[in-house]
Structure formats: structure tokens, C-alpha cells
Amino acid sequence: MELFNSALGKNITFVRPPYFMISGLSGIPNIKHYYVFLFFVYVISVLGNTVVMALICLDHNLRTPKYVAVFNLAFVDLFGNSALVPKVLDTFLFNHHYISYSDCLVFLFFCYTSLSMQSLNLVVLCYDRLVAITYPLHYQMKITNRFMLNLIFSVWIFVIIAVLIAVGLLTRLSLCRSVVINSYFCDHGQIYRLACNDYSPSDIIGHVLVVLILWLPLLFILLSYIYIGYALTKVATMQERFKAFKTCTAHLSLVAIYFIPILITFTMGSNIGFNARIINLSLTSIIPPMLNPIIYVLQTQEIKDALKKLFKIRGQSKITIKK
């Protein structure tokens, strides 16, 4: 505990700059076109996730544990992109590069909370598919709406506490090396490296959170699908195997979209350029929330049926009004 409370109880004045400057991309001609592209991605994301959430609320057939998790994923995507994209556009499209110290920490909290929830929500959906395929007879007893709500609530509490700890440790740092954050948002790693006192607690919590929120979820998902694949080999017919695996395709697509760009960035490490790293990480944060609702609409029969039903009802109501 001494390591994490090195400044507690001591008469130390912390240097907290009144503002930070978020540098973003540099040396790229016509870079504003990229931010306009992000704006259109954001609009599609808002519309898509709102539609998915509305369908789940309106269609009683979708009020199942699986779609409780899908609703939470859509909410997290909407919440995350709304926390990140408008601020990014304001910063770089309208040249408001300066952000106050307190606003930066709030920005960091919301961004990291949403990114962490995206990863852990994929774990929740994976667990749902794992039980549904490997224990089909016990699925309805084990995975209830109440269980799923409690699981999602627990994940939210864990993420909020973890991110609050990371933010709290930043407040114990004297940030006197610079006020420039070399990223596209208030990046935790970039901020604590500006400290001129001991930042090892922030460095440790940063690495721990990467393991807890990125690598362990990915490991759990990979092991789960290995077990699902093994379980499907025991299914009698190829048609039944295909039908069971088809229920996982949407989730596997989401996993690939979320984790592959992150893995590429971490694998290349210092070999990837500064601008390329920012573009890759920004797209990793913004593109999945746009694609997630599209994937669920295209690859999930229940969602497609609910959408067709909604359009059919609206079409019938219009005909009735005309009569």
C-alpha cells in the first residue's frame, strides 16, 4: 500500500496544470476530411444503435437474456461514441485543442469506461452462447433475465471502480514535464508520463487494467469457442452443428472487429508510426460501435424479423389512415 499512497499523509504540493493541449494527428494534409468521416460514422452509429435498442424494447420476443446483453452493448456503443466523437470533432475540426485539467479527467473517465464495457460485454455475450450451446437443456434455468441483469450490473460496477482508481491515481501526480498530450483524447498512458514525481502506481494500474479488460476477456472468448467447437463435434448431424454455430457468427464478427485492430497495434509496438497509431486506435474506438448494430441486423434472424414486423405495422397503419 505504501507504493500506492506514497504521497498520502505528506506535505506535498501537487503541480496540476490549468489545461492540457491534445496534439492529435500532425503533418497530414487535408486531415479535416478524416474528422468529417468520423462525423458520418458517428451519425450512422447513433442511428443504428438507437434502432437496435428500440427494437428490443418494442418487440416482446426479444426480451430474452441474450438481447438484454445486446441492448447493453448498443447502449455502451451509443454512450461511448457520444462521449468521444463530439469532443474529438470539437478539438480537431474546430481547433479547440486546449482542455482544462478537470474536464480532461472527466473525458478520460467516460472514454475508458465505455471502451472497457465494450470488451467485457463481449465476454457476457460469449458466456451466453457458451451455456446455450454446451448446456442447452439447462440454459433457461441458468441464464435468466434477472441473472443477465445482475451480471451486467456487476460488470458496470467493476469497470467504474477500476477506472475511478486509475483517475484517482492521476490526481496524485505532479504534471510538470509538459501540457501536451500526444493522442487524440485524454489518454491515461500519455497523461501519467507527463509527471515529474513517481508515477509507478499509475503505470502498474495501467498494465493491470490492460490485462483485466483486454487480454483476459480475449483469452476467455478464445477458450470458450474452443470448447464450443469441441461440444459441436458431439452433435449428431452436420446440419445441427451448422445451425448451432450460426448463432455465434454475429458475436464472432464483433470480437474480430474489436480485438484485431488492437492486437495489430500492440504487436507492431514502436514499429508503427505516431499518426498511424492514432488513426488505428481512433478507428478501433469508433468503427465497432457503428458496425455492431449493422452486424446484428444482418446476421441475427430475430432482429431481422422484429425489423420486418415494425415496418409491416407502420405500413398497415399508413394504409388505415389513408382509408
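Below, each value reflects all heavy atoms present in this structure, side chains not excepted, and no hydrogens, waters or symmetry copies. The shown structure was predicted, so the numbers you read here are calculated from the model rather than taken from an experiment.
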task = May I ask you to test the Val68-Asn72 pair for a side-chain heavy-atom distance under 4.5 Å?
result = no
message = Donor-acceptor pair, distance only, cut-off 3.5 Å: does the side chain of Ser224 make one with the backbone of Leu130?
response = no
ask   = In Å, rounded to the nearest 0.5 Å, how long is the span from CG of Asn292 to CG of Leu73?
value = 5.0 Å
message = Taking Phe92 as the starting point, is it possible to reach Phe94 by hopping between hydrophobic residues whose side chains are less than 4.5 Å apart?
response = yes
key: His207 side chain vs Asp203 backbone, donor-acceptor pair below 3.5 Å   = yes
inquiry  = Looking at Ser116, is its backbone amide N or carbonyl O close enough to the side chain of Ser119 to form a donor-acceptor pair, meaning the two atoms are under 3.5 Å apart?
reply    = no
ask   = Between Tyr199 and Arg177, what is the shortest heavy-atom contact and its length?
value = CE2-NH1, 4.4 Å
Shared hydrophobic cluster for Met21 and Leu84 (ILVMFWY, side-chain gaps under 4.5 Å) = no
inquiry  = Quick one, Asp198 and Pro201 - any side-chain contact, counting heavy atoms below 4.5 Å?
reply    = yes
request  = Work out which heavy atom in Ser183 is nearest to a heavy atom in Gln190; give both atom names and the distance.
outcome  = CB-CG, 4.2 Å
ask   = Can you find a pair of side-chain heavy atoms, one from Ile99 and one from Tyr19, that are under 4.5 Å apart?
value = no
query = OH of Tyr112 to CZ of Phe185: how many Å apart, nearest 0.5 Å?
reply = 4.0 Å
ask   = Are Leu115 and Ile287 connected in a single hydrophobic cluster, I mean Ile/Leu/Val/Met/Phe/Trp/Tyr linked by side-chain heavy atoms less than 4.5 Å apart?
value = no
ask   = Does His97 have its ring centroid less than 6.0 Å away from the ring centroid of Phe20?
value = no
ask   = What heavy-atom pair brings Val180 and Leu194 nearest, and what distance separates the two atoms?
value = O-CD2, 3.7 Å
request  = Go through the steps for Tyr184 and Ser285 under the test side chain to side chain donor-acceptor pair (under 3.5 Å), then give the verdict.
outcome  = CA-CA 11 Å; Tyr184 65 100; Ser285 305; 2.9 Å; yes
query = Are we looking at SG atoms under 2.5 Å apart for Cys186 and Cys104?
reply = yes
task = Might you point out which heavy atoms bring Pro289 and Asn49 nearest each other, and give the distance in Å?
result = O-ND2, 2.9 Å
key: Check: Ser202 and Leu170 side chains under 4.5 Å, non-hydrogen atoms   = yes
task = Step by step, work out the side chain to side chain contact (heavy atoms under 4.5 Å, CB included) result for Lys32 and Leu93.
result = CA-CA 6 Å; Lys32 288 195 174 182; Leu93 204 55; 3.9 Å; yes
message = For Tyr225 together with His251, are the ring centres under 6.0 Å from each other?
response = yes
message = Can you confirm whether Ile257 sits close enough to Ile295 that some side-chain heavy atom of one is under 4.5 Å from a side-chain heavy atom of the other?
response = yes
Cluster check Val131, Met141: I/L/V/M/F/W/Y, side chain < 4.5 angstrom = no
request  = Hey, could you give me the CG/CD1 distance between Leu223 and Ile228, rounded to the nearest 0.5 Å?
outcome  = 11.0 Å
query = At their closest point, which heavy atom of Tyr42 faces which heavy atom of Val85, and how far apart are they?
reply = CB-CG1, 3.6 Å
query = Do the non-hydrogen side-chain atoms of Thr113 and Trp156 ever get within less than 4.5 Å of each other?
reply = yes
Rounded distance [0.5 Å steps], CD1 in Ile133 versus CG in Asp128 = 9.0 Å
key: Nearest heavy atoms of Pro65 and Thr144, plus distance in Å   = CG-C, 3.5 Å
key: With sequence neighbours excluded, residues passing side-chain hydrogen bond (donor to acceptor under 3.5 Å, both in side chains) with Asp103   = Ser100
key: Main-chain N/O of Leu175 paired to Arg16 side chain as donor or acceptor, under 3.5 Å   = no
inquiry  = Determine whether Ile286 and Leu38 satisfy the following criterion, side chain to side chain contact (heavy atoms under 4.5 Å, CB included), listing intermediate values before the conclusion.
reply    = CA-CA 8 Å; Ile286 295 165; Leu38 294 185; 3.9 Å; yes
request  = Would you give the length of the straight line joining atom CG of Leu218 to atom CZ of Phe259, rounded to the nearest 0.5 angstrom?
outcome  = 5.0 Å
Stepwise side chain to side chain contact (heavy atoms under 4.5 Å, CB included) check, Val179 with Tyr98 = CA-CA 9 Å; Val179 295; Tyr98 294 94; 5.7 Å; no
request  = Output yes when a side-chain donor or acceptor of Ser45 lies under 3.5 Å from a complementary backbone atom of Val41, and no otherwise.
outcome  = no
request  = Please state whether the rings of Phe79 and Phe110 are parallel, tilted or perpendicular, taking 30° and 60° as the class boundaries.
outcome  = perpendicular
message = Below 30° counts as parallel, above 60° as perpendicular, anything between as tilted: where do the rings of His138 and Tyr135 land?
response = perpendicular
query = So, does Asn275 use its side chain to make a donor-acceptor pair with the main chain of Ser26 at under 3.5 Å?
reply = yes
message = Does Phe147 have more than 12 heavy atoms from other residues, nucleotides or ligands lying within 6.0 Å of its CZ?
response = yes
task = List the steps and the verdict of side chain to side chain contact (heavy atoms under 4.5 Å, CB included) for Val124 and Val155.
result = CA-CA 9 Å; Val124 172; Val155 172; 4.2 Å; yes
request  = Can you measure from CD1 (Ile204) to CG (Leu169) and round to the nearest 0.5 angstrom?
outcome  = 9.5 Å
Backbone of Ala69 reached by a side-chain donor or acceptor of Asn121 within 3.5 Å = yes
task = Would you please say whether a donor-acceptor pair under 3.5 Å links the side chains of Thr134 and Tyr230?
result = no
inquiry  = Please enumerate all residues that pass salt bridge (Lys or Arg N to Asp or Glu O under 4.0 Å) together with Asp187, with sequence neighbours excluded.
reply    = none
message = Please tell me whether Leu151 and Val70 are part of a single hydrophobic cluster in this structure, the criterion being side-chain heavy atoms less than 4.5 Å apart.
response = yes
inquiry  = Taking the ring centre of each residue, are His188 and Tyr192 less than 6.0 Å apart?
reply    = yes
